[in-house]
Amino acid sequence: MPAKKKTNNSQAFSATEMETRLRATLEAVLELQAKRNIPLVFRNELCVKDNMFIHKYPDGKMFLIEQDQTDSSETILLQL
């Protein structure tokens, strides 16, 4: 008996339905991160080295940090 071919569920949704589901998932994850006080991490023009990042916390505080590549420890360089 031949094995059944797995179907790709992403093809079962229209582009609009997929976007709606992805947005809802993203919003839920961002809300959970905010409740846990986990910062959004991103880079901008202030990040002049590869190991520099911006941390933006749910309360609005932002920090320019530098991450040690050997042990992942972080040093706050500047509060923005």
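Everything numeric here is computed off the predicted structure, so don't read it as measured data.
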Mind listing the side-chain donor-acceptor pairs of residues 34-45 below 3.5 Å, one per line with the distance, residues two or more places apart or on another chain?
from: K35; atom 1: NZ; to: E31; atom 2: OE2; distance (Å): 3.4
from: R43; atom 1: NH1; to: K49; atom 2: O; distance (Å): 3.1
from: R43; atom 1: NH1; to: D50; atom 2: O; distance (Å): 3.4
from: R43; atom 1: NH1; to: M52; atom 2: O; distance (Å): 2.6
from: R43; atom 1: NH2; to: C47; atom 2: O; distance (Å): 3.3
from: R43; atom 1: NH2; to: K49; atom 2: O; distance (Å): 3.4
from: N44; atom 1: OD1; to: L46; atom 2: N; distance (Å): 2.8

Within one Ile-Leu-Val-Met-Phe-Trp-Tyr cluster: [X] and [Y], side-chain cutoff 4.5 Å:
X: V48; Y: L64; result: yes
X: F53; Y: L78; result: no
X: L77; Y: L80; result: yes

With sequence neighbours excluded, what pairs up with L26 under the side chain to side chain contact (heavy atoms under 4.5 Å, CB included) test?
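Result, side chain to side chain contact (heavy atoms under 4.5 Å, CB included) vs L26: L30.
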Interatomic spacing from [atom1] in [X] to [atom2] in [Y] - rounded to 0.5 Å:
X: H55; Y: I65; atom1: NE2; atom2: CD1; answer: 4.0 Å
X: F13; Y: T20; atom1: CZ; atom2: OG1; answer: 11.0 Å
X: E66; Y: N51; atom1: CD; atom2: CG; answer: 4.5 Å

Mind jotting down which residue pairs meet the salt bridge (charged side-chain N to carboxylate O under 4.0 Å, His left out) criterion with at least one end in residues 14-27? Sequence neighbours excluded, please.
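For residues 14-27: E19-R23.
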Please collect all salt bridge (charged side-chain N to carboxylate O under 4.0 Å, His left out) contacts where either partner lies in residues 52-61, sequence neighbours excluded, each pair once.
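Not a single pair qualifies under salt bridge (charged side-chain N to carboxylate O under 4.0 Å, His left out).
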Not counting sequence neighbours, list each pair that qualifies as a side-chain hydrogen bond (donor to acceptor under 3.5 Å, both in side chains) and has a residue in residues 69-80.
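Every pair satisfying side-chain hydrogen bond (donor to acceptor under 3.5 Å, both in side chains) with a residue in residues 69-80: D68-T70, D71-S73.
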